[in-house]
Amino acid sequence: MSAARPRVAVVGAGAAGLAAAEALRRLGWDGEITVVGDEPRLPYDRPPLSKQVLGGAWEPERTTLRDSTQLAALDLDLRLGTRAVGYDPAERTLTLDGDRGDVLRCAGVIAATGVTPRTLPGAEGLQGVHVLRTLDDALALRRRLAVPGRRLAVVGSGVLGAEAAAVARGLGHHVELIGSQATPMERVLGHEVGQLLAEVHRAHGVTLRPGQAATGVTSEEGRATGVVLADGTVVEADDVLLAVGSDPAVGWLRGPAAEAAGVDLSDGLGCDEFCAAAEGLYGAGDVARWYHPVLGRHLRVEHRMNAGEQGLAAARNLLAELDPERFGERRPFAPVPYFWSDQYELKLQAYGVLAGAEHTEVLRLDKDPLRLAALYGTSGRATGALAVGLTPRQARSLRALVATPADWAQARARLAEAVDA
């Protein structure tokens, strides 16, 4: 009888997990690759859920990242509709749920389990309360928005809430956007750009309730009827979308074995600059908090581009750990983070780190309030850049301002030059 092939398990079948599995094969791993996904669907893309899918422009099939034929070519042990419920880093054994309760011995594991949405007190189990994390979530809310004249209360004015509010308003529904921030996406974009975004939403007919914390959901006969604000106000609604943040999905990693191995689960899966959390355990995507060697700090990035890039990096570095003679040395993961958001006709594109900036410089172009470039910095360094309503070329030109550590004064002086180049 031939010996069993060594196995790498990828826990999470989203963009990061799929990128990791594809990279393992492309880089030459000829052992088993087990991909564990808690949804029964083939891997699909999430950014379109709050835009094209919710608005009805895309059918679900269009979000699929790879079809069954493409996945078959990767020779994967694909475990869909299955959850990981435990991992022992010392023994390198992964435990799955289900009747079989399989325990898989692994040469290495890549954690790509993403995040889980938060909720509000009293919202659990109520009809008409929605989150927007999975394709089923998006389709459930889309079915409700197919009925004309709905009243939708969106709780949370970050990127997810703002995008969903824009889509629902575009469908003709009455939308109230409730946020603890003074302006939409202010925690990331800052007040000045957030104020512009607020004006755009108001111009399209969205009712904003800024600086308002939601404390719960009202209901009648098991169905949501509104949202309770901290001052006691009730915002009446037919449907409520909760976009109040998320938590890294690390529950399957918790336990004495992980503690003994020194696995850090304080805010996601704590990783070093190589995306390693422990020997044989690597993180990728929304769940991973890794040390960025250029920025000199830990980051946890919940954006699509990072998921794909980090899946590749985690796979490459895991293979380098397992067989350095064959796969070479590990390489630090030091990307320029990037995200985009589409709201109405407005496109926002951001490079680097914007949140928590001490300084912001906004450059408005052609006296058009919907066209601007902005620079964000901390401790005398430029750390992030934003393009709103710019051409792709102009937007890409901002990347160079934050690709390497840049003095704030120099980057600020080059801002206008960058978008005019």
Side-chain angles (χ1 to χ4, degrees), residues 49-51 53-56 117-133 137-189 191 193-246 341-346 348 370:
L49 301 185
S50 60
K51 299 180 278 290
V53 173
L54 185 61
R118 295 175 186 152
T119 184
L120 287 179
E124 298 85 352
L126 287 179
Q127 295 183 47
V129 173
H130 306 265
V131 293
L132 201 46
R133 175 64 185 167
D137 293 336
L139 294 175
L141 181 54
R142 186 169 94 171
R143 285 191 292 269
R144 294 289 295 172
L145 297 181
V147 180
R150 309 300 294 177
R151 297 172 301 169
L152 177 66
V154 180
V155 184
S157 59
V159 59
L160 180 62
E163 287 182 350
V167 169
R169 186 67 197 118
L171 294 172
H173 300 290
H174 175 75
V175 179
E176 300 210 26
L177 182 57
I178 302 163
S180 59
Q181 304 170 63
T183 61
M185 297 180 62
E186 181 165 329
R187 191 168 292 114
V188 175
L189 303 181
H191 185 73
V193 180
Q195 206 165 32
L196 164 67
L197 202 54
E199 293 168 2
V200 170
H201 277 278
R202 288 194 180 99
H204 283 82
V206 173
T207 299
L208 298 184
R209 291 184 178 265
Q212 294 277 10
T215 60
V217 177
T218 60
S219 63
E220 185 176 318
E221 298 181 351
R223 171 165 287 284
T225 58
V227 176
V228 183
L229 306 184
D231 63 3
T233 301
V234 175
V235 177
E236 296 183 352
D238 302 305
D239 289 272
V240 176
L241 172 61
L242 300 181
V244 290
S246 56
S341 177
D342 296 318
Q343 298 173 40
Y344 310 107
E345 68 282 355
L346 208 60
L348 298 87
L370 301 184

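Just the heavy atoms: all of them, side chains too, but no hydrogens, waters or symmetry mates, feed the values below.
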*Fit a plane to each ring of His201 and Tyr344, take the angle between them on a 0 to 90° scale, and name the class: parallel (under 30°), tilted (30 to 60°) or perpendicular (over 60°).*
perpendicular
Can you give me the closest heavy-atom contact between [X] and [Y], atom names plus distance?
| X | Y | answer |
| --- | --- | --- |
| Leu145 | Ala168 | CD1-CB, 4.2 Å |
| Ala153 | Ile178 | CB-CD1, 4.4 Å |
| Ala230 | Thr215 | CA-CG2, 3.7 Å |
| Ala214 | Val227 | CB-CG1, 3.7 Å |
| Pro210 | Arg202 | CG-NH2, 4.5 Å |
| Ala165 | Val175 | CB-CG1, 3.8 Å |

Close side-chain approach of [X] to [Y], heavy-atom, < 4.5 Å:
| X | Y | value |
| --- | --- | --- |
| Leu370 | Val200 | yes |
| Val129 | Val217 | yes |
| Leu177 | Pro184 | yes |
| Leu241 | Leu132 | yes |
| Thr183 | His191 | yes |
| Leu189 | Leu348 | yes |

*Given Ser157, which of Gln181, Glu186, Arg187 fulfils the side-chain contact (heavy atoms from CB on, under 4.5 Å) condition?*
Gln181
*What pairs meet the salt bridge (Lys or Arg N to Asp or Glu O under 4.0 Å) rule with one or both residues in residues 160-178, with sequence neighbours excluded?*
Lys51-Glu163, Glu176-Arg209
*What pairs of residues pass the salt bridge (Lys or Arg N to Asp or Glu O under 4.0 Å) test when at least one of them lies in residues 235-246, not counting sequence neighbours?*
Arg144-Asp239, Arg150-Asp239, Arg151-Glu236, Arg151-Asp238
So how far is it from [X] [atom1] to [Y] [atom2], rounded to the nearest 0.5 Å?
| X | Y | atom1 | atom2 | answer |
| --- | --- | --- | --- | --- |
| Leu208 | Glu199 | CG | CD | 10.5 Å |
| Leu49 | Arg142 | CG | CZ | 10.5 Å |
| Leu152 | Leu141 | CG | CG | 6.0 Å |

*Quick one: do Val240 and His130 satisfy side chain to side chain contact (heavy atoms under 4.5 Å, CB included)? Show the steps, please.*
CA-CA 6 Å; Val240 176; His130 306 265; 5.9 Å; no
*Keeping the roles fixed (side chain from Gln212, backbone from Ser180), state whether a donor-acceptor pair exists under 3.5 Å.*
no
_Please determine whether side chain to side chain contact (heavy atoms under 4.5 Å, CB included) holds for the pair Leu242 and Leu120, giving the CA-CA distance in whole Å, both sets of side-chain angles, and the decisive distance to 0.1 Å._
CA-CA 8 Å; Leu242 300 181; Leu120 287 179; 3.7 Å; yes
_side chain to side chain contact (heavy atoms under 4.5 Å, CB included) between Leu139 and Val53, worked out_ = CA-CA 7 Å; Leu139 294 175; Val53 173; 4.1 Å; yes
*Determine, step by step, whether Val228 and Thr233 satisfy the side chain to side chain contact (heavy atoms under 4.5 Å, CB included) criterion, reporting the C-alpha distance in whole Å, the side-chain angles of both residues, the deciding distance to 0.1 Å, and the verdict.*
CA-CA 6 Å; Val228 183; Thr233 301; over 6 Å; no
*Verify whether one side chain among Ser341 and Gln343 offers a donor that lies under 3.5 Å from an acceptor in the other.*
yes
*asked:* Tell me every residue that passes side chain to side chain contact (heavy atoms under 4.5 Å, CB included) with Thr225, counting only those two or more places apart in sequence or in another chain.
replied: Thr218, Glu220
